[in-house]
Student: 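I am attaching a structure below and will ask some questions about it afterwards.
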Amino acid sequence: MTHAAVAAPGATFKKLLRRNDDDGGAPKLSPLWTFVAWLATLAFFAPVAWMVLTSFHQEADAATNPPTPFAAVTFDQYKLLFSRDITPFLLNSAMASVLSTLLVLALAVPAAYALSIKPVEKWTDVMFFFLSTKFLPAIAALLPVYLIVKDAGMLDNVWTLVILYTAMNLPIAVWMMRSFLAEVPKEILEAAEVDGAGLLTVLWRVVAPVALPGLAATSLICFIFSWNEFMFAVNLTATQASTAPVFLVGFITNEGLFLARLCAAATLVSLPVLIAGFAAQDKLVRGLSLGAVK
């Protein structure tokens with residue numbers, strides 16, 4: 001009796017938090033967890049909403065303290081951005097990010113296939129080697145990378161960024177793709193081999209469709225890392241190959257911080273990532289949760 005009385009509060013609390021699937025459909029979060037999820041979503045979205053709102057204000061309204069969220073709306077900041085020709089910076093970022101992501105996938109998928117579906121001897125050592133390449137801080141490699149790029153005559157070149165971003169994202173992609181490919185049923189691979197399919201055919205016609213959510217998640221993460229990269233871009237480029245993050249720094253001057261213009265530029269720079277994430281959101285969620293529940 002005493003045990004039941006003690007356990008009752010805990011049972012009531014668990015009942016508030018547990019999933020409710022009594023209706024026979026998909027599991028649903030309890031009202032308490034739904035409320036907490038909405039609060040967390042609003043907390044994460046609030047800075048983004050404030051950035052977008054500030055981008056439609058004049059500099060005088062954006063610099064007031066306290067801020068004036070209901071100031072007059074204007075598109076002057078966006079007009080100034082395109083007058084400063086932001087397009088080449090966006091194109092450089094797009095080229096470096098897309099090409100490096102494609103190269104990463106082309107290298108990571110066969111490597112992950114060899115480490116998961118057809119594991120090589122001592123594959124754990126190979127995985128640790130990939131992970132160890134991320135131990136060194138990027139700033140520690142900046143000077144030797146700069147000297148190598150300078151001697152090769154590749155300064156201020158988009159292809160330099162493509163190569164560097166590929167090398168930076170490849171270990172992460174191999175680790176992610178290995179976990180995704182490990183979930184591919186072995187039976188369909190054996191059936192393809194019995195039918196005489198070669199390695200490339202298996203990868204393209206069998207593995208890729210099954211692991212498509214994982215491929216989407218990996219490619220999107222690599223794209224975001226490449227798009228947001230700043231340190232190598234600002235140190236290895238000048239006028240021809242500067243990327244969008246480098247363009248943003250131009251609004252921090254000796255004359256002060258042009259907050260409204262900076263928010264407008266940051267909004268434009270964020271749009272490709274937001275669009276890519278929205279377009280692949282279903283596959284991204286499936287890919288990031290693949291293997292989480294057996």
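The basis for the numbers below is simple: all heavy atoms, side chains too, and nothing from hydrogens, waters or symmetry mates. If you read the sequence from its start, that first residue is 1, and numbering goes on from there.
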Student: Quick one: does Thr133's side chain have a donor or acceptor within less than 3.5 Å of a partner on Phe130's backbone?
Tutor: yes
Student: With side-chain hydrogen bond (donor to acceptor under 3.5 Å, both in side chains) as the criterion, how do Ser226 and Asn169 come out once you've worked through the C-alpha distance, each side chain's angles and the decisive distance to 0.1 Å?
Tutor: CA-CA 8 Å; Ser226 300; Asn169 292 328; 2.9 Å; yes
Student: Do Met177 and Ser116 have side chains that get closer than 4.5 Å, going by heavy atoms?
Tutor: no
Student: Indicate the ring-plane relationship of Phe135 and Phe128, choosing parallel, tilted or perpendicular according to the 30° and 60° boundaries.
Tutor: perpendicular
Student: Is there a donor-acceptor contact under 3.5 Å from the side chain of Asp156 to the main chain of Thr239?
Tutor: yes
Student: Say you draw a straight line from CG of Leu181 to CE of Met176; how long is it, rounded to the nearest 0.5 Å?
Tutor: 11.5 Å
Student: Do Asn92 side-chain atoms and Gln240 backbone N/O form a donor-acceptor pair below 3.5 Å?
Tutor: yes
Student: If we only count heavy atoms from C-beta on, is the Cys263 to Val52 side-chain gap below 4.5 Å?
Tutor: no
Student: Are side-chain heavy atoms of Phe56 and Asp61 found at a separation under 4.5 Å?
Tutor: no
Student: For Thr243 and Thr237: C-alpha separation, side-chain torsions, deciding distance, then whether side-chain contact (heavy atoms from CB on, under 4.5 Å) applies.
Tutor: CA-CA 8 Å; Thr243 57; Thr237 64; 5.8 Å; no
Student: Is any side-chain heavy atom of Leu80 closer than 4.5 Å to a side-chain heavy atom of Ser83?
Tutor: yes
Student: Where does the angle between the aromatic ring planes of Phe247 and Phe89 fall among parallel (under 30°), tilted (30 to 60°) and perpendicular (over 60°)?
Tutor: tilted
Student: Is the centre of the Tyr165 ring less than 6.0 Å from the centre of the Phe232 ring?
Tutor: no
